[in-house]
Amino acid sequence: MKRMLMLFVLLPVCSCTAINVKPLAINANDNIACIKENPKVKVPRFLDIVVNGFEEHDFTTRVYQNTPNNSCDLLVTYTATRNWDVSPYMTDAEIWVKDRSGKRVGYGQYHLKGGGGLALNKWASTESKMEQVFTELFAKH
């Protein structure tokens, strides 16, 4: 009985995240990533995190608002949402990567199941949550 009670108490505290990634499948010379700024994203510094994720893997990045410039090898779009429980924290994020022709060549998703529930890792930094997504996204690059 004690074990069942302990399991019931600890279950909501477990790490409840899902990461789904399709690693980048691109040419070795594709090294300019143009990232479309998403003003609807209210997760602090999320654009900076995406830029840093690409730059740490030797991409030159350019941020654009409306139309990407012609020198872009990759077009990157993203979304991220947050929730609030004592303080705000990121619950979901998606990154789409397309080549010049518009074909999807990579995808990364972070999802905090059930909005995090009682899990303490829900307050982890956005950088640490996205680290595994970027690691897997660039696994073949």
Side-chain angles (χ1 to χ4, degrees), residues 2-141:
K2 281 186 179 181
R3 287 184 184 180
M4 289 295 282
L5 181 59
M6 199 63 153
L7 181 62
F8 180 73
V9 169
L10 292 178
L11 192 58
V13 180
C14 72
S15 174
C16 300
T17 60
I19 293 177
N20 177 24
V21 176
K22 177 190 173 201
L24 279 178
I26 58 173
N27 297 325
N29 352 341
D30 290 343
N31 61 359
I32 299 175
C34 294
I35 303 166
K36 184 171 185 176
E37 184 176 1
N38 184 345
K40 293 181 181 178
V41 170
K42 302 302 179 198
V43 175
R45 297 184 34 348
F46 195 79
L47 175 58
D48 294 336
I49 292 166
V50 173
V51 167
N52 290 340
F54 277 83
E55 289 179 351
E56 286 176 2
H57 291 88
D58 299 323
F59 283 85
T60 299
T61 59
R62 296 192 173 106
V63 176
Y64 70 97
Q65 281 79 35
N66 299 316
T67 306
N69 119 10
N70 291 336
S71 67
C72 301
D73 297 316
L74 303 173
L75 302 173
V76 181
T77 56
Y78 64 89
T79 188
T81 58
R82 65 182 180 172
N83 206 342
W84 191 90
D85 182 3
V86 179
S87 67
Y89 59 95
M90 187 184 80
T91 56
D92 292 282
E94 289 183 278
I95 298 170
W96 296 270
V97 184
K98 296 180 179 181
D99 64 13
R100 285 178 218 204
S101 69
K103 178 184 173 193
R104 190 168 87 179
V105 294
Y107 172 77
Q109 177 191 37
Y110 173 91
H111 173 66
L112 190 58
K113 295 178 184 175
L118 298 175
L120 298 177
N121 68 333
K122 69 183 174 185
W123 290 293
S125 71
T126 302
E127 291 90 343
S128 66
K129 289 177 179 178
M130 293 304 295
E131 185 175 339
Q132 185 177 353
V133 173
F134 283 115
T135 298
E136 291 183 28
L137 186 64
F138 295 106
K140 294 181 181 179
H141 185 266

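Within the structure, salt bridge (Lys or Arg N to Asp or Glu O under 4.0 Å) pairs that include any residue of residues 130-141 do not occur (at least two apart or interchain). Within the structure, disulfide (SG to SG under 2.5 Å) contacts touching residues 33-96 (residues at least two apart or in different chains) are C34-C72. For residues 45-64, the set of pairs meeting the side-chain hydrogen bond (donor to acceptor under 3.5 Å, both in side chains) definition, not counting sequence neighbours, comprises R45-E127, E55-T61, R62-S71.
Among residues two or more places apart in sequence or in another chain, the side chain to side chain contact (heavy atoms under 4.5 Å, CB included) test is passed with S101 by D99, K103. When the ring pair (Phe, Tyr, Trp, His ring centres under 6.0 Å) test is applied to Y110, no partner is found at least two apart in sequence or on another chain. For D92, there are no salt bridge (charged side-chain N to carboxylate O under 4.0 Å, His left out) partners at least two apart in sequence or on another chain. Remark: E37 engages Q65 in a side-chain hydrogen bond (donor to acceptor under 3.5 Å, both in side chains) (not counting sequence neighbours). Annotation: side chain to side chain contact (heavy atoms under 4.5 Å, CB included) contacts of S128 (sequence neighbours excluded): A124, S125. For the salt bridge (charged side-chain N to carboxylate O under 4.0 Å, His left out) test, no residue two or more places apart in sequence or in another chain qualifies with R104. Here A18 pairs with H111, K113 under the side chain to side chain contact (heavy atoms under 4.5 Å, CB included) rule; sequence neighbours left out. A search for side chain to side chain contact (heavy atoms under 4.5 Å, CB included) contacts involving P88 returns R82, W84, not counting sequence neighbours. Residues passing the side-chain hydrogen bond (donor to acceptor under 3.5 Å, both in side chains) test with D30: none are found, sequence neighbours excluded.
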